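One structure is given here, and the rest of the page talks about it.
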There are 2 protein chains.
Amino acid sequence: MPFGRRGTGKPTINDVARLSGVSKKTVSRVINRSPLLNDETRRRVLEVISDLGYVPNPQARALALRTNFLIGLIHDNPNAQMVLNVQQGILEALQGTDFEMIVRPVDRGSAAMLDDVRHFLERQRLYGVILLPPISENDALARLCDEVGCRYVRMGSAELDDPDHMVASNDREAVRGATAYLIEQGHRSIGLIAGPHGFRSATERRQGFEDALAEAKIKLPRSLIAEGNYTFASGLAAAEKLLDLSPRPTAIFASNDEMGAAVVHAARQRGIDVPEQLSVIGFDDTPISAHIWPPLTTVRWPIVSMARSAALKLLVSVGGAEAEADVSEPSMFLSTLVKRASVTPPKT
Amino acid sequence: MPFGRRGTGKPTINDVARLSGVSKKTVSRVINRSPLLNDETRRRVLEVISDLGYVPNPQARALALRTNFLIGLIHDNPNAQMVLNVQQGILEALQGTDFEMIVRPVDRGSAAMLDDVRHFLERQRLYGVILLPPISENDALARLCDEVGCRYVRMGSAELDDPDHMVASNDREAVRGATAYLIEQGHRSIGLIAGPHGFRSATERRQGFEDALAEAKIKLPRSLIAEGNYTFASGLAAAEKLLDLSPRPTAIFASNDEMGAAVVHAARQRGIDVPEQLSVIGFDDTPISAHIWPPLTTVRWPIVSMARSAALKLLVSVGGAEAEADVSEPSMFLSTLVKRASVTPPKT
DNA sequence: TTGTAGGCGTTATCAA
DNA sequence: TTGATAACGCCTACAA
């Protein structure tokens with residue numbers, strides 16, 4: 001009779017202990033890979049565990065350890081595709097571990113946001129959380145995680161924190177390169193659709209854009225800068241503003257693909273051919289950039305890898321610990337330019 | 001001194017019991033809204049709870065109740081936008097409850113899939129799960145949920161289960177309507193890009209398409225049917241096949257927006273104007289349908305509402321129970337045609 | 001290297 | 001209507 005009570009339940013640590021003739025604690029040590037354990041004992045216990053198909057109960061562990069085996073994803077819905085890519089990366093990292101992913105959208109803007117998150121973290125006792133931009137840029141949020149004793153990793157477009165708590169891309173440099181490419185092609189009048197005020201990514205990308213123009217000694221009239229909020233609709237409005245200019249810019253850099261797609265859309269709407277009469281570059285390399293016509297030149301943001309890395313940073317020190325200490329996860333990722341049909345030299 | 005031990009911890013049920021001069025069990029009754037409770041006692045306990053800011057510990061509850069306060073989303077990544085919309089719907093339903101959402105992608109195709117899911121459900125002891133298509137169409141999976149005692153709701157394109165375990169849309173009828181619209185416009189040679197073999201949604205949509213043609217007594221040569229797997233790339237290949245036909249169809253119905261966008265893309269690539277020379281209809285009303293040029297006529301699938309409803313079905317009977325018994329969630333949702341610029345009467 | 005006793009914070013049983 | 005006591009399944013101290 002392998003099980004303690006009713007046949008309904010799955011085997012517990014007690015069953016394992018009894019059948020292998022050791023104490024619960026010893027079984028616990030095996031489960032948690034305690035170093036001080038007789039090899040023979042360990043082997044015997046592992047055998048019983050395998051025979052029984054025993055799996056430790058996560059709820060009980062959570063209660064005893066005061067921490068759940070869950071990784072949280074906290075975000076403020078920056079962009080659908082991005083959230084999904086991040087989830088994919090996290091799940092790849094969690095694959096094969098005991099961890100699961102729990103998703104928690106929050107409302108930046110809401111005054112109660114910090115309290116909500118604190119409440120959430122204190123209640124759920126997550127093992128760690130991953131913070132997505134733009135909310136990851138909020139320092140108070142990071143401090144909050146520290147306060148409640150929850151590991152965290154922030155994702156962002158620039159160095160936001162120390163390497164253990166951050167995974168970033170080099171947006172500024174990437175956009176500088178993309179803009180330089182437009183200049184190389186011969187463009188001199190280049191419009192910018194900036195991201196929303198207050199977003200670090202928006203600032204970084206804008207600075208990269210300005211860096212490139214400054215290097216080429218091209219001056220940038222304010223009229224060539226329009227602001228969007230990373231949505232298609234806002235990109236449309238910004239694009240219309242730029243396309244109404246006279247003379248019209250021969251190229252536009254949009255701070256993300258949604259807005260880049262909107263530029264193409266707006267151009268077509270008023271009979272402006274892309275790329276013959278207007279070159280366009282986006283940012284993110286989301287599916288839409290490859291699916292519209294013409295396919296959009298864009299900056300590939302290695303978001304899936306970043307998310308995977310962020311999750312791995314959280315998990316380091318889980319099983320046995322020191323082994324992976326020196327194989328530390330990178331905290332800086334490079335974005336690269338993806339050249340597609342939406343850019344050509346200007347025709348004038 | 002409100003707390004039992006170290007100041008580090010949050011108040012527990014013991015603190016509440018002591019301060020309100022009742023037993024733990026009574027406090028527990030208050031928390032769980034037990035009906036047999038003296039009003040005065042309840043009031044006093046609630047007051048202490050509120051004063052202390054006491055919140056029950058979910059880990060302890062999970063252990064004692066043998067069920068977590070988590071709703072799982074199990075999917076096989078049918079489509080990025082869809083997964084995200086579903087998450088949004090679920091989270092809307094969970095808003096303000098004690099429940100959180102946990103996301104679990106699985107690998108249909110993998111022989112170990114069912115075992116994986118069983119393992120997952122048995123370990124995590126979820127309160128309930130929501131199954132997304134196409135994996136929701138797998139009856140063995142539904143039976144599995146029953147076996148391990150986990151509530152479930154399946155989402156799909158047709159009635160897959162009894163109303164308590166299902167939320168469905170009427171794809172067949174919706175596609176019949178969309179196709180009839182093409183016929184009304186004068187189209188007689190209409191191509192179909194079907195969904196992948198073995199998907200219920202693919203079958204339903206195809207049948208709706210055939211229903212409309214049959215009603216109008218238009219016969220459908222096999223050459224006008226191409227099959228894709230709901231991805232942009234597969235849509236491209238299917239579109240090329242149809243556009244190479246001679247005579248070329250004057251309209252194409254694609255079984256989802258990704259493939260519809262691919263039709264537009266392929267047409268542009270070979271200089272075929274949409275909608276002047278080719279009308280296109282998609283399905284889903286995902287963002288891309290509105291963002292490409294021309295905007296795609298499509299079928300709006302109320303996926304967010306469906307997901308919200310699915311989650312609510314799971315939660316029914318949680319707090320107090322009977323109250324909401326008659327306000328039962330709908331299990332059938334209607335899709336509607338969204339007319340945009342990608343359809344015009346044929347020019348010949 | 002291993003075991004014993006007790007705790008984690010809640011709910012269930014059953015008697016009062 | 002309420003309370004004492006024992007689960008739930010695991011882990012930490014401390015002792016051996």
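Note that the coordinates shown come from a computational prediction; the quantities given were computed from them, not determined experimentally. Below, chain A is the first sequence line, B the second, and so on; all start at residue 1. When reading the values below, keep in mind they use all heavy atoms of this one structure, side chains included, and skip hydrogens, waters and symmetry mates.
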Notebook entry, point to check: Just checking, is any N or O donor in the side chain of A:Q81 or B:Q81 under 3.5 Å from an acceptor N or O on the other one?
Noted result: no

So does [X] get a side-chain nitrogen or oxygen closer than 4.0 Å to the phosphate oxygens (OP1/OP2) of [N]?
X     : N      : result
B:T41 : D:dT2  : yes
B:S28 : C:dT11 : yes
A:N14 : D:dG9  : no

For [X] and [N], give me the distance from atom [atom1] to atom [atom2], rounded to whole Å.
X     : N      : atom1 : atom2 : value
A:N68 : C:dG9  : CG    : P     : 14 Å
A:N32 : D:dC11 : CG    : P     : 5 Å
A:R43 : C:dT2  : CZ    : P     : 13 Å
B:Q59 : C:dT10 : CD    : P     : 10 Å
A:L63 : D:dA7  : CG    : P     : 17 Å
B:D15 : C:dT10 : CG    : C1'   : 13 Å
B:N57 : C:dT11 : CG    : C1'   : 13 Å
B:L36 : C:dC14 : CG    : P     : 16 Å

Do NZ/NE/NH1/NH2 and the carboxylate oxygens of B:E329 and B:K313 come within less than 4.0 Å? no

Fill in: Side-chain ion pair, A:D162 and A:R154, N-O less than 4.0 Å
no

Over 60° means perpendicular and under 30° means parallel, so tell me whether B:F69 and B:F99 are parallel, tilted or perpendicular.
parallel

Exercise. Side chain of B:R66, base of D:dG9: donor and acceptor closer than 3.5 Å?
Worked result: no

**OP:** Classify the side chain of B:K25 and the base of C:dA12 as holding, or not holding, a donor-acceptor pair under 3.5 Å.
**Re:** yes

CG (B:D98) and CG (B:N68) are apart, to the nearest 0.5 Å, by 12.0 Å

Need one value for [X]: base, sugar-phosphate or nothing, where a base atom within 4.0 Å counts as base even if backbone is also close, heavy atoms only.
X     : value
B:L37 : sugar-phosphate
B:L65 : sugar-phosphate
A:V22 : sugar-phosphate

Identify which nucleotide among [options] has an atom closest to any side-chain atom of [X], counting heavy atoms from C-beta outward.
X     : options               : answer
A:R61 : C:dG3, C:dT11, D:dC10 : D:dC10
A:S23 : C:dT2, C:dT11, C:dG3  : C:dG3
A:R29 : D:dC14, D:dA4, D:dG9  : D:dC14

When A:V27 and B:K24 are each assigned the nearest nucleotide of DNA chain D, the 5'-most assignment goes to B:K24

